[in-house]
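Structure record follows, encoded as structure tokens.
Atoms within each ligand, like the ligands themselves, are counted from 1 in listed order. Everything quoted here is computed from the prediction, not taken from an experiment.
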Amino acid sequence: MESYRSHYSKDVSSKEHGKTITVAGWVEDIRNIGSIAFIILRDRKGTLQVTALKKESAELFEKLVNIPRESVIAVNGLCKKSDKARNGYEVIPKEFEVLSTAETPLPLGVVDKVESELDTRLDNRFIDLRKQEIQAIFKIRNKVIAAVHEYLTSENFVEVHTPNIIASSSEGGTDVFKLKYFEKTAFLAQSPQLYKQMLMATGLDRVYEIAWYFRAEEHNTRRHLNESTAVDLEMAFISSEEDVMKILEGLVQHMWKKAGEYKEELDILGKQIVVPKLPFKRVKYDDVIQKLNKNGSKIKWGEDLGTEEEKLLGDIMKKEGHEFYYITKYPIEAKPFYTMPKGDKYSRGFDLECKGVEIASGSQRIHDVELLKKRLKACGLNPKDFESYLKAFRYGMPPHGGFGFGIERFLMKLLDIKNIRECILFPRDRTRLTP
Ligand code: AMO
């Protein structure tokens, strides 16, 4: 065979009728009814029927029908219109080559009707991803990330890449992975927080990064990963956190709109996209607590919202007609050390929630070095551990702010996926380190 593939399944049309073509892919199914056999061949675009007739060549027929399912083959043959074939065409094989034989039994079915456990699927992710509905999630993921670049470039943001091996924890908490860095101890970045802020002192006054978050959180939930991805953004010369929130809601709307253009994938997933209207509702933290308490929650002022409170708030807000809403004016004690205070008790920190799940959080930051040191100490951290970060605030640092926006959380909400592990290729959670 000269080339293993001259056509993809879906590209075959009336132009190919009566011509010899080569198709290649995975053997999804074989139906042998004695004198005739139908081999369903799958490639990245879909499936195509290869129809083998015993009377044409008994030898070729026997070899073809005995290929184990999910083996990779290339078939050269005559392309013909066919009313009975799934996509209107079939290939009558002249010759074929087995490029890779699949072992039997398969650890996971590709087109089986029975649903497999998520763990079995993740253990065999390379087969799981052969299913078109699973591939659709990642094609849409690719599309929304492209939309991030498109939108932020149009808003004059510069894409940057900052280190993931760092000397002090980025979020200040204990949920940090330690590692040996030659003679020193290093950490995996919980976010690019310190670096994106340092960049505000450079004149690159609008930056973003598609970032990796490494978080040593012990809990195993359906909305947490230990390694996740996020859109991280920082912008200078803002007059308040509102400037940041405007960019974030514009970005979310653009991503939603662009995802809606992936009709084929959305059809496979049975989803319809309704683009949200702007501006998103803003609800003050105090009002959130009131709403929650009125609806039976025992949450106290000053506490951060847990999963249950977020869900309850999602229901309350839905009744009021809002799927997207910002929680604003958080108490300072519920926010990280870099958050700009507002008066004694409050802060300029916000969360963006979508249908009961936090998808982003951000704030205006402290740009005064003395206040920053005070807040570090108040949060139980040692300013000495943050010296190289603090230095960037001593020689001219403009007012600035930004946000971190979880890509997997976004996909969960966009596609109504219940478990975040479905939204990343090879999830890392409390117990999973392979594949
Ligand atoms: P925060 O910790 O709230 O803020 O994270 C920002 C967003 O990242 C996503 N996210 C996660 N997704 C999956 N699994 C996790 N374990 C996880 N942790 C966070 C969420 C969340 O809203 N530096 C600040 C952001 C900023 O102020 O710029 C930060 O990291 O969608």
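Listed as neighbours of ligand 1 are Glu171, Ser191, Gln193, Lys196, Tyr213, Arg215, Glu217, Arg223, His224, Leu225, Ser228, Tyr338, Glu358, Ile359, Ala360, Ser361, Gly362, Arg365, Gly402, Phe403, Gly404, Gly406, Arg409, Ile420, each bearing a heavy atom under 4.0 Å from the ligand.
Residues Tyr151 and Gln253 bring no donor and acceptor atom of their side chains to less than 3.5 Å of each other. Neither side chain, Arg86 nor Ser9, offers a donor N or O lying under 3.5 Å from an acceptor on the other.
In summary, of the residues considered (Arg206, Gln197, Gln364), a side chain to side chain donor-acceptor pair (under 3.5 Å) with His400 occurs for Gln197 alone.
Of the charged side-chain nitrogens involved, at least one lies within less than 4.0 Å of a carboxylate oxygen, so that Glu310 and Arg223 count as a salt-bridged pair.
Here the side chains of Glu308 and Ile299 are not in contact, with every heavy-atom distance at 4.5 Å or above.
Of the possible polar contacts, none joining the Glu133 side chain to the Leu269 backbone as a donor-acceptor pair under 3.5 Å is found.
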